[in-house]
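A short worksheet on the structure shown next.
The basis for the numbers below is simple: all heavy atoms, side chains too, and nothing from hydrogens, waters or symmetry mates. These numbers were taken from a predicted model, which means no experiment stands behind them.
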Amino acid sequence: IKCSGNTVQSHKPHFLAVHCQEVGGKNYEASMSHVDCFVKELLSSDAMKEYNRARIYLDENYKSQEQFTALGSFYFIHESLKNIHQFDFKAKKFKKVVGKETCSETLESTPALEKEKFPQDYFPESKWSRKGFIRTRWVLADCAFDLVNIHLFHDASNLVAWEKSPSVYSGTRQKALGYVLDRITDQRYEKVPYFVFGDFNFRLDSKQVIESLCSTATMQTVRAADTNEVDKLIFRESDNDRKVVLQLEKKLFNYVNQDVFRENNGTSLLEFDKELSLFKDRLHELEISFPPSYPYSEDSSQGKQYMNTRCPAWCDRILMSPSARDLVLKPENEERAIVYDNIGPNVCMGDHKPVFLSFRITAGAGKPNANKHKCCVVQ
């Protein structure tokens with residue numbers, strides 16, 4: 001809370017949207033009870049004392065595997081912002097936001113949002129996991145927009161991800177993201193600009209990035225004695241005492257030099273970040289100037305260290321429709337107060353480092369003396 005609170009106090013948004021995934025953590029059955037305590041502490045924290053309206057939606061119903069997504073969407077409105085309305089998807093009309101409300105039961109029937117888990121055949125091997133999306137719709141400064149919290153499928157095995165380019169996992173995410181975009185732009189409701197932010201689980205093209213990192217290395221394949229399946233790949237330098245450059249296993253990515261992912265914010269590896277390119281006509285993103293957001297060490301003393309479980313990647317993103325990008329980049333926004341960055345670069349924030357986008361929405365854009373409202377979305 002402290003580190004995120006510093007970001008809030010630094011940027012002072014009028015409207016703050018925070019999207020979380022895996023509410024309750026990996027051991028959600030035992031840990032879900034702590035979520036309510038966290039929410040109460042957040043609402044009462046010094047950083048949030050000037051936010052007199054809030055809407056918090058928590059999918060905590062883990063007993064329903066067909067519906068459980070573990071998504072959490074938090075929205076806070078500053079006391080200086082007089083008018084903000086939220087869409088009622090059942091009544092199909094906007095309603096003024098008053099007071100603070102937390103909803104954690106039966107989100108499926110909550111009219112203020114749309115929540116969906118992906119169809120079962122979208123899940124690898126049709127095994128349920130906590131993946132889906134939540135959509136809310138708002139009107140602020142005469143601008144209507146959707147905010148979509150999303151969690152897409154991860155790479156289950158580094159070895160499988162390495163087999164071909166693009167990987168089979170990339171195709172699974174592509175299908176699921178396409179499903180979400182189709183749902184939020186279908187004919188049921190008026191189309192408005194949308195921001196989609198969450199854990200997309202986008203990964204670098206594994207085969208290509210390994211070939212680049214290990215371009216002068218030779219590969220040794222280690223197979224399991226009982227099944228003869230590939231168990232491990234070892235990449236060694238051709239000389240230099242055959243030094244090991246990379247060890248790759250199902251859940252091991254042990255590269256000799258982690259600095260490559262941190263130097264210049266790892267941007268030399270962005271050429272291997274290709275999954276968003278499939279949606280270039282439907283989704284836009286501001287320039288990335290922060291290191292890969294995953295998988296950071298969960299050791300509280302190792303805020304900059306990556307775990308050696310996966311190849312570091314920009315999993316956590318804030319994306320927007322072309323019309324939403326126009327909203328963010330309006331020429332009236334002469335202050336150019338747009339920031340797309342991560343939170344807590346030097347401290348432990350868990351295995352994912354949160355990212356945020358801060359920008360201004362101009363009321364009555366193009367009119368003289370137009371008011372500007374600062375928005376901040378956090379993933």
Side-chain angles (χ1 to χ4, degrees), residues 7-8 10-19 73 75-78 80-81 83-87 133 135-150 177 180-181 184-185 189-198 200 202 264-267 270-271 273-291 293 314-343 354-379:
T7 301
V8 171
S10 171
H11 291 273
K12 295 181 171 58
H14 297 100
F15 179 73
L16 171 64
V18 182
H19 286 176
S73 297
Y75 306 101
F76 304 95
I77 298 101
H78 194 270
S80 65
L81 184 58
N83 264 323
I84 185 165
H85 293 74
Q86 186 179 7
F87 193 64
F133 72 94
R135 163 164 73 150
T136 57
R137 177 170 289 191
W138 307 83
V139 164
L140 167 64
D142 299 325
C143 296
F145 52 87
D146 282 349
L147 300 178
V148 183
N149 188 352
I150 192 169
L177 181 53
V180 174
L181 296 181
I184 66 174
T185 58
Y189 305 102
E190 181 184 355
K191 293 181 181 179
V192 300
Y194 55 83
F195 296 86
V196 187
F197 51 111
F200 292 85
F202 289 161
N264 197 28
N265 293 318
T267 49
L270 278 171
E271 65 175 295
D273 179 75
K274 300 181 174 183
E275 295 191 37
L276 185 55
S277 64
L278 299 163
F279 299 92
K280 63 181 184 296
D281 296 329
R282 305 175 75 182
L283 286 172
H284 296 278
E285 183 177 27
L286 301 188
E287 183 179 348
I288 290 176
S289 58
F290 49 86
S293 65
W314 288 271
C315 293
D316 305 273
R317 316 281 276 264
I318 297 170
L319 310 180
M320 61 200 81
S321 64
S323 55
R325 182 185 62 172
D326 292 343
L327 206 60
V328 172
L329 301 177
K330 271 188 180 297
E332 293 83 5
N333 196 358
E334 73 282 346
E335 295 170 58
R336 279 289 181 254
I338 303 171
V339 183
Y340 185 33
D341 206 350
N342 65 8
I343 296 175
V355 302
F356 75 96
L357 172 64
S358 176
F359 62 96
R360 295 180 184 276
I361 289 180
T362 304
K367 297 177 184 176
N369 302 317
N371 294 319
K372 292 184 176 67
H373 298 296
K374 197 165 188 180
C375 299
C376 185
V377 298
V378 182
Q379 158 43 36

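Of the residues listed (Ser80, Cys376, Cys375), the one engaging His14 in a side-chain contact (heavy atoms from CB on, under 4.5 Å) is Ser80, and it is the only one.
Taking the six-membered ring for Trp and the full ring otherwise, Phe359 and Tyr340 have centroids separated by 6.0 Å or more.
No side-chain donor-acceptor contact under 3.5 Å links Lys374 to the backbone of Lys12. Counting only distance, with no hydrogens or angles, the side chain of Asn265 and the backbone of Ser289 share a donor-acceptor pair below 3.5 Å. Side-chain atoms of Ser358 never come within 3.5 Å of backbone atoms of Val339 as a donor-acceptor pair (strictly under, hydrogens ignored). A donor-acceptor contact shorter than 3.5 Å is absent between the side chain of Arg317 and the backbone of Phe200. Side-chain atoms of Trp314 come within 3.5 Å of backbone atoms of Pro291 as a donor-acceptor pair (strictly under, hydrogens ignored). Between the Ser321 side chain and the Pro193 main chain, no donor and acceptor come within less than 3.5 Å of each other.
Ring pair His19/Tyr75 is perpendicular by interplanar angle, where above 60° counts as perpendicular and below 30° as parallel.
The shortest non-hydrogen separation linking Thr267 to Ile288 is CG2-O, 4.0 Å. Taking every heavy atom of both residues into account, Ile361 and Phe145 meet most closely at CD1-CE2, 4.0 Å. What you find for Asp316 and Val355 is that their closest heavy atoms are O-CG2, 3.7 Å. Phe76 and Val18 make their closest contact through CE1-CG2, 4.4 Å (heavy atoms, listed as atom of the first residue, atom of the second, distance). Shortest non-hydrogen contact noted between Ile318 and Glu285 is O-CG, 3.8 Å. Heavy atoms only, all atoms of each residue included: Asn83 and Leu140 are closest at O-CD1, 4.3 Å.
Separating the CG atom in Leu147 from the CD atom in Gln86 is a distance of 9.5 Å, to the nearest 0.5 Å.
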